[in-house]
Amino acid sequence: MAKSGIFTLAVGLVVGIMLSFMFMQYESLSKKTLSKTLHVSYQARDYSVGGNSFYLQQRSLLNSTKLPVVDNELTRIVTSYPFDPLFNSTLLKTRAKTLCYVMCAKGSQGAVQAARATVAEHCSKTVFFSRSPIKEVGSIDLGFQEDSAHRWERYKMAADYVYTHFRSDFELFIKFEYDIYIVPENIQFMALLHQAHIPGYIGQVITDKDPRGVVTVLTREGLEILHNALPSCPPRLGGTNEDLELEECLKPLHIFGTKESRDHLGTPRFQMLVPDHELPGNTIKYHPWAMKYIHHPLEKVSLYHSYFYL
């Protein structure tokens with residue numbers, strides 16, 4: 001080999017080693033920067049503070065032991081690897097029968113029409129509830145009060161209507177506000193995973209900083225339990241926060257809200273996957289917001305754990 005070739009090779013090796021060393025130092029420094037808590041903002045909504053997500057879990061009356069997990073065809077499908085809600089959305093829509101019901105407000109016709117044109121297309125059926133009819137979407141007039149003090153009563157009226165008219169036709173029931181955007185397939189996927197791994201799972205509650213922005217997800221069993229409990233559930237906490245009222249309503253039935261991220265075998269499973277977790281820390285200027293909502297977080301999340309986006 002010519003001397004020039006050997007020299008070039010040597011220089012390349014030295015440069016490669018130096019770059020590798022620099023990258024290791026950079027990555028080490030990056031991890032330290034993650035301890036600094038800065039805020040992640042999307043438009044006017046700050047997801048690093050406020051907001052919450054917890055699931056509703058039924059426990060048996062004896063020693064508060066957990067009930068069995070759900071084992072059926074759908075839960076076996078979603079727990080088989082690989083399964084991706086993006087590519088399996090058609091399967092979820094056709095097999096996981098889901099009713100979406102949207103709470104509307106006065107003067108919300110434009111947003112309601114947008115909801116029908118987007119989210120509604122991904123649910124098995126979508127119904128709109130309002131105080132007075134919105135002819136553009138054929139809303140159902142429940143005559144509820146729209147002020148904040150009546151949010152719990154409004155939710156009860158909608159849940160009662162859904163139970164009376166739709167409980168036998170659907171397996172999952174998702175309630176959200178007219179100006180909240182959700183991805184139904186992802187919620188279906190999440191609910192099925194939780195049914196497969198969380199004993200006694202009957203639903204999910206997802207909140208925003210604004211008490212009005214509550215998304216509730218109930219299984220058919222959860223809807224039936226709630227329906228039977230509602231006559232004994234007047235507003236106990238002022239009626240403005242339906243998530244808190246819902247928890248209070250179900251507690252006497254040994255149903256509790258929890259954020260426990262371990263499954264029935266004690267394995268940490270339900271970690272929220274944020275792509276930037278895989279990047280060196282100081283390429284991002286904030287602490288990953290999701291970590292504060294994860295119980296028993298892992299240093300590195302295994303690809304065999306269950307991931308979901310909402």
Side-chain angles (χ1 to χ4, degrees), residues 53-58 70 72 74-75 78 85 89 91-104 112 115-116 118-130 137-140 142 144 151-196 198 200-208 212-231 233 242-247 249-250 253 255-257 308 310:
S53 178
F54 60 89
Y55 55 83
L56 298 168
Q57 183 181 48
Q58 183 181 28
V70 174
N72 58 32
L74 275 176
T75 57
V78 300
S89 59
L91 175 65
L92 285 169
K93 183 176 180 180
T94 56
R95 301 289 293 278
K97 298 294 185 181
T98 301
L99 174 75
C100 295
Y101 57 107
V102 185
M103 308 304 294
C104 308
V112 170
R116 183 181 63 175
T118 54
V119 177
E121 294 296 319
H122 298 266
C123 302
S124 304
K125 182 178 178 64
T126 303
V127 294
F128 297 86
F129 293 128
S130 61
V137 296
S139 68
I140 298 168
L142 293 183
F144 50 69
R151 285 184 184 131
W152 174 236
E153 293 300 325
R154 182 187 67 150
Y155 177 76
K156 289 170 58 178
M157 294 171 69
D160 182 68
Y161 187 97
V162 166
Y163 175 85
T164 302
H165 294 85
F166 302 115
R167 72 181 184 276
S168 300
D169 300 325
F170 302 95
E171 298 166 353
L172 198 64
F173 303 85
I174 305 174
K175 170 264 170 189
F176 58 99
E177 302 294 326
Y178 67 91
D179 56 352
I180 297 292
Y181 183 81
I182 64 170
V183 182
E185 291 89 350
N186 290 358
I187 292 181
Q188 291 168 332
F189 185 45
M190 177 193 70
L192 287 167
L193 282 174
H194 284 0
Q195 285 181 281
I198 299 176
Y201 176 88
I202 65 164
Q204 194 87 15
V205 178
I206 306 156
T207 74
D208 188 33
R212 191 186 62 79
V214 176
V215 178
T216 58
V217 183
L218 290 174
T219 63
R220 181 186 294 165
E221 180 185 13
L223 180 67
E224 183 150 355
I225 291 171
L226 176 63
H227 175 77
N228 294 331
L230 284 179
C233 294
E242 64 187 59
D243 54 321
L244 302 181
E245 297 285 0
L246 181 61
E247 284 191 273
C249 177
L250 295 175
L253 302 177
I255 296 172
F256 302 94
F308 56 87
L310 298 181

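Here the structure is a predicted model, which is why all the values come from computation and not from measurement.
Between Tyr101 and Ile140, every side-chain heavy-atom pair lies at or beyond the 4.5 Å cut-off. The shortest distance between side-chain heavy atoms of Ile225 and Leu250 falls below 4.5 Å. Tyr201 is not listed as a side-chain neighbour of Gln57, based on a closest heavy-atom distance of 4.5 Å or more. Contact annotation: the side chain of Tyr155 never approaches that of Glu245 to less than 4.5 Å [non-hydrogen atoms, C-beta and beyond]. For the pair Glu221 and Gln195, the minimum side-chain heavy-atom distance is 4.5 Å or more. By the 4.5 Å heavy-atom criterion applied to side chains, Val205 and Tyr55 are not counted as neighbours. Using a 4.5 Å heavy-atom cutoff, the side chains of Tyr178 and Ser130 are not in contact. Side-chain atoms of Thr219 and Val70, non-hydrogen and from C-beta on, never get closer than 4.5 Å to each other.
Residues satisfying the salt bridge (charged side-chain N to carboxylate O under 4.0 Å, His left out) test with Arg95, not counting sequence neighbours, are Glu73. Residues meeting the side chain to side chain donor-acceptor pair (under 3.5 Å) test with Arg116, sequence neighbours left out: none.
The CD atom of Glu171 sits 8.5 Å away from atom OG of Ser124, with the distance rounded to the nearest 0.5 Å. In this structure, CD1 on Ile187 lies 8.0 Å from CG on Leu172, to the nearest 0.5 angstrom.
Listed for the Lys125 side chain is no donor-acceptor partner under 3.5 Å among the backbone atoms of Asp169. Thr98 contributes a side-chain N or O that, together with a main-chain N or O of Ala96, makes up a donor-acceptor pair within less than 3.5 Å. Between the side chain of Lys93 and the backbone N or O of Glu121, at least one donor-acceptor pair lies under 3.5 Å.
Using the six-membered ring where Trp is involved, Phe170 and Phe173 have ring planes that are perpendicular, over 60° apart on the 30 and 60° scheme.
Screening Val214, Ile180, Ile182, Val215 against Ile206 for a side chain to side chain contact (heavy atoms under 4.5 Å, CB included) leaves a single residue, Val215.
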